[in-house]
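Protein chains get the first letters and strands the later ones, always in sequence-line order, with residue 1 at the start of each.
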Number of protein chains: 2
Amino acid sequence: MEYIEIYKCLCERTRLRILNLLRDGPLCVCHLHEILGEAQPNVSKQLAYLRDRGAVESERHNTWIMYRLPGRRHPILEKNLRCLQDVAREDGVFRRDLAHRAAVVRRIARTREGCPEEVAGGKCC
Amino acid sequence: MEYIEIYKCLCERTRLRILNLLRDGPLCVCHLHEILGEAQPNVSKQLAYLRDRGAVESERHNTWIMYRLPGRRHPILEKNLRCLQDVAREDGVFRRDLAHRAAVVRRIARTREGCPEEVAGGKCC
DNA sequence: GAGGAATATTCCGGAAATGGAATATATCGA
DNA sequence: TCGATATATTCCATTTCCGGAATATTCCTC
């Protein structure tokens, strides 16, 4: 009954917000921290929680650590991520997060700050 | 972010088993208790948990209380109930529960025990 | 190797959830 | 009214989780 762990990933506000943000592409901790407005240790802890259960993957680039949705996902996770997409259209928090994310990404592209490899590769932020 | 409460309903073993069983139709507490092999107070508590969050409905018939999936369900609950249907085909616990349920239903039909209104109406067990 | 930035971990207190055991409530029938 | 059955609630101990604060770690640059 490993899907229980997936539902545990989904039943907390910050974790849901993180997953919603990662649907649009990888992000590093500091940008998640900025977008969510949550304390950095909390963001790290929730990311660790998600990673321990296979709901996200991480990769280090210098001092940054990028988090992304895993390539191969459990069907239940996959289905609920799609749900999240629908929900995000109507939910104020999710929409605000995504708009905030887009603004951060634009700023990164403009100022060339942070996560250089990822920005160059077009994969991140 | 009310869907968080839905995911909380889904992130516990006994609750998932209950929802899986109710997909096939209503059941009273004592039959859930029998099928699950869980202590009756635990079954009652998990049912209360689900009811408080709108994931199940209950209706009294004499001394029995029937639990069923609500007619109108939150889209996320609905989608995950469908997932459960797929999962149940492969998961040993879920399959065993459903087989156990079928056996109990046959026995009820044969012995005419319990939930008389529901059995008569063909709605239960 | 010292300092700084990014991230993770630990420690703490409070809240919530879990399961077991005992008890309470409700309904029915004699 | 009493007893039996079905169900719910309470109490208790344990665990898990959550957020905040402080601290530790890692990596880079100078």
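- Nucleotide D/dC17 holds its C1' atom 14 Å from the CG atom of A/Leu50, rounded to whole Å.
- Each of A/Glu2, A/Glu5, A/His74 was compared with A/Arg53 under the side chain to side chain donor-acceptor pair (under 3.5 Å) criterion, and only A/Glu5 meets it.
- Between B/Ala88 and B/Arg95 the shortest heavy-atom distance is O-CG, 2.8 Å.
- A close approach under 4.0 Å does occur between a side-chain nitrogen or oxygen of B/Asn62 and OP1 or OP2 of C/dC28.
- Here C/dT7 presents its C1' atom at 14 Å from NE2 of A/His31, a figure rounded to the nearest Å.
- Looking at B/Leu10 and A/Tyr3, their side chains never come closer than 4.5 Å, going by heavy atoms from C-beta outward.
- For B/Asn42, no side-chain nitrogen or oxygen approaches OP1 or OP2 of C/dT18 to under 4.0 Å.
- Between B/Gln40 atom CD and C/dA21 atom C1' the separation is 12 Å, expressed in whole Å.
- Listed pair A/Arg15 / D/dC18 meets the phosphate criterion, a side-chain N or O lying under 4.0 Å from OP1 or OP2.
- We find that NE2 of B/His61 is positioned 13 Å from P of C/dT27, with the value rounded to whole Å.
- Closest to the side chain of B/Gln46, from the set C/dT18, D/dC18, D/dT7, is C/dT18.
- Position along DNA chain C of the nearest nucleotide to B/Lys45 versus B/Tyr49 favours B/Tyr49 as the more 5'-ward residue.
- Atom CD in A/Glu12 sits about 11 Å away from atom P in D/dC17, given to the nearest Å.
- Counting heavy atoms from C-beta outward, B/Tyr7 and B/Ile76 have side chains that approach closer than 4.5 Å.
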Item to complete: Could you give me the CA-CA distance, side-chain angles and deciding distance for B/Arg23 and B/Asn20, then say whether side chain to side chain donor-acceptor pair (under 3.5 Å) is met?
Response: CA-CA 5 Å; B/Arg23 270 199 316 103; B/Asn20 177 55; 3.3 Å; yes
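- Going from atom CZ of B/Arg53 over to atom P of C/dA16 covers 10 Å, rounded to whole Å.
- Residues A/Thr63 and A/Cys11 both approach DNA chain D. Their nearest nucleotides, taken by heavy-atom distance, put A/Cys11 toward the 5′ side.
- In terms of position on DNA chain D, the residue among A/Pro41 and B/Val29 whose nearest nucleotide sits closer to the 5' end is B/Val29.
- Protein atom CG of B/Leu36 is 12 Å distant from nucleotide atom P of C/dG19, rounded to whole Å.
- Atom pair A/Lys8:NZ and D/dT15:C1' shows a separation of 10 Å (rounding to whole Å applied).
- Here the side chain of B/Tyr67 is nearest to one of D/dG19, D/dA8, C/dT7, namely D/dA8.
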